[in-house]
Amino acid sequence: MLLQLCTWQEVEAYLQRSTGIIIPIGSTEQHGPTGLIGTDAICPEAIARGVAEETNVLVAPTINIGMAQHHLGFPGSITLRPGTLLAVVRDIVDSLTRHGFDRFYFLNGHGGNIATVTAAFSEIYAQCSLGTAPPDRLPVRCKLANWWMGAQVKKLSKSLFGDAEGSHATPSEVSLSYFAYPNAVKTAEMSPKIAPKGEIFDAADYRRRFPDGRIGSDPSLASIEAGEKLYKAAVSDTLESYRSFLKFQ
Ligand code: NI
């Protein structure tokens, strides 16, 4: 079930049988010479929709813009500052908590979101811990799951791409985005074949050290076929992980 395609009565009925929701969260940022700028939002959104097709779980609208300050040296990239993203996550959880949701599963597509989203969870828990939440507020639990870290996905990425996977503009994420949008497939020569590796600081530094945007990857290996396999593995990983999150007492 997609929240944006439900009526409020359908959401009210859903809450009678489940208080959990999946919230895809991504980023709008460069993904190298062949990766789509929406890659990090497209991937978790496609996976969450796949999970929704197999179960009756409710999926919220995707948070399409994340914390991507280091990509601003490349046209098209958009960032929320950490404080802004933290407030967005907190406001979404607070809104849904008011209706009775208490299990929030953020399916993440972007490594740069991890620190901020995790900090947002601590802010949310602190409202209860410090006694600043309204007295009728439900105790909530939040989880951040990175789709590319699922057991089946990791195994598959390794067998498909080995050392060419890298950490940004990876052939795995590019493949999955091509599977989701087959008409948007791009091609380009990669030079060097495998991009340099290194740490991330500000946008100008990133552009200087990773001139075409990739880190450690060779996304010319990406394909729709690989994307379909990764999609199936990710839906399966996410289903299992979401179910155990709901069961955890
Ligand atoms: Ni990415």
Side-chain angles (χ1 to χ4, degrees), residues 1-6 11 14 18-29 31 35-36 38-68 80 85-86 88-93 95-97 101-121 124 140-157 167-168 170 172-177 179-181 227-248:
M1 290 170 74
L2 302 182
L3 180 65
Q4 59 268 49
L5 300 184
C6 290
V11 177
Y14 175 86
S18 176
T19 53
I21 188 163
I22 296 179
I23 305 170
I25 179 166
S27 184
T28 297
E29 65 185 47
H31 268 75
L36 312 180
T39 300
D40 285 355
I42 289 167
C43 293
E45 180 172 278
I47 298 160
R49 288 180 177 205
V51 171
E53 277 168 23
E54 292 201 21
T55 64
N56 281 326
V57 64
L58 192 61
V59 174
T62 302
I63 305 171
N64 279 288
I65 298 176
M67 210 304 289
L80 298 180
L85 179 59
L86 194 153
V88 167
V89 169
R90 189 174 154 175
D91 284 356
I92 290 169
V93 169
S95 301
L96 292 167
T97 301
F101 290 94
D102 63 1
R103 294 290 183 274
F104 299 92
Y105 187 98
F106 286 78
L107 184 61
N108 183 36
H110 174 51
N113 287 340
I114 296 171
T116 303
V117 173
T118 308
F121 294 169
I124 291 160
V140 304
R141 285 186 185 166
C142 305
K143 181 179 171 71
L144 183 73
N146 302 307
W147 74 263
W148 69 94
M149 299 287 284
Q152 292 177 62
V153 168
K154 269 177 80 172
K155 198 172 157 200
L156 188 56
S157 294
S167 60
H168 183 65
T170 68
S172 291
E173 63 180 344
V174 173
S175 293
L176 210 158
S177 72
F179 172 66
Y181 290 93
E228 182 170 14
K229 288 181 188 156
L230 286 156
Y231 166 80
K232 287 178 177 161
V235 168
S236 172
D237 281 340
T238 304
L239 260 173
E240 192 183 329
S241 161
Y242 180 69
R243 282 184 178 136
S244 73
F245 173 61
L246 288 191
K247 269 193 219 133
F248 181 72

Next on the checklist: If the condition is side-chain contact (heavy atoms from CB on, under 4.5 Å), which residues does Asn146 pass it with, not counting sequence neighbours?
Outcome noted: Asn108, Ile114, Leu144, Trp148, Met149
Looking at every non-hydrogen atom in both residues, tell me the closest pair between [X] and [Y] and how far apart they are.
X	Y	value
Cys43	Leu176	SG-CB, 3.8 Å
Gly20	Leu246	CA-CD2, 4.2 Å
Val117	Val89	CG2-CG2, 4.3 Å
Val59	Ala48	CG2-O, 3.6 Å
Ile23	Ala60	CG1-CB, 3.8 Å

Taking side chain as C-beta onward, heavy atoms only, is [X] less than 4.5 Å from [Y]?
X	Y	value
Asn113	Asp40	no
Leu58	Cys6	yes
Leu96	Phe104	yes

Side-chain donor or acceptor of [X] paired with backbone N/O of [Y] under 3.5 Å:
X	Y	result
Ser177	Val174	yes
Tyr14	Val57	no
Ser244	Ser241	yes
His110	Ala41	no
Asp102	Arg141	no
Tyr242	Ile22	no

Gap separating the [atom1] atom of [X] from the [atom2] atom of [Y], nearest 0.5 angstrom:
X	Y	atom1	atom2	result
Glu45	Ile47	CD	CD1	10.5 Å
Cys142	Phe245	SG	CZ	6.5 Å
Ile92	Ile25	CD1	CD1	7.5 Å
Thr97	Arg103	OG1	CZ	11.0 Å
Phe101	Leu3	CZ	CG	7.0 Å
Met1	Ile21	CE	CD1	9.5 Å

Item to check | Step-by-step side-chain contact (heavy atoms from CB on, under 4.5 Å) determination, Glu173 to Trp147 | outcome: CA-CA 10 Å; Glu173 63 180 344; Trp147 74 263; 3.8 Å; yes
Checklist entry - How would you list, by chain and number, every residue that makes a side chain to side chain donor-acceptor pair (under 3.5 Å) with Asn64, sequence neighbours excluded? => result none
Item to check | Other residues, nucleotides, ligands: >12 heavy atoms within 6.0 Å of Tyr181 OH | outcome: no
Which pairs would a plain distance check flag for residues 231-239, meaning a side-chain donor or acceptor within less than 3.5 Å of a matching protein atom at least two apart in sequence or in another chain?
residue : atom : partner : partner atom : Å
Lys232  : NZ   : Glu228  : OE2          : 3.4
Ser236  : OG   : Gln152  : NE2          : 2.8
Asp237  : OD1  : Gln152  : N            : 3.1
Asp237  : OD1  : Gln152  : NE2          : 3.3
Asp237  : OD2  : Ala151  : N            : 3.4
Asp237  : OD2  : Gln152  : N            : 3.1
Asp237  : OD2  : Val153  : N            : 3.0
Thr238  : OG1  : Ala234  : O            : 2.7

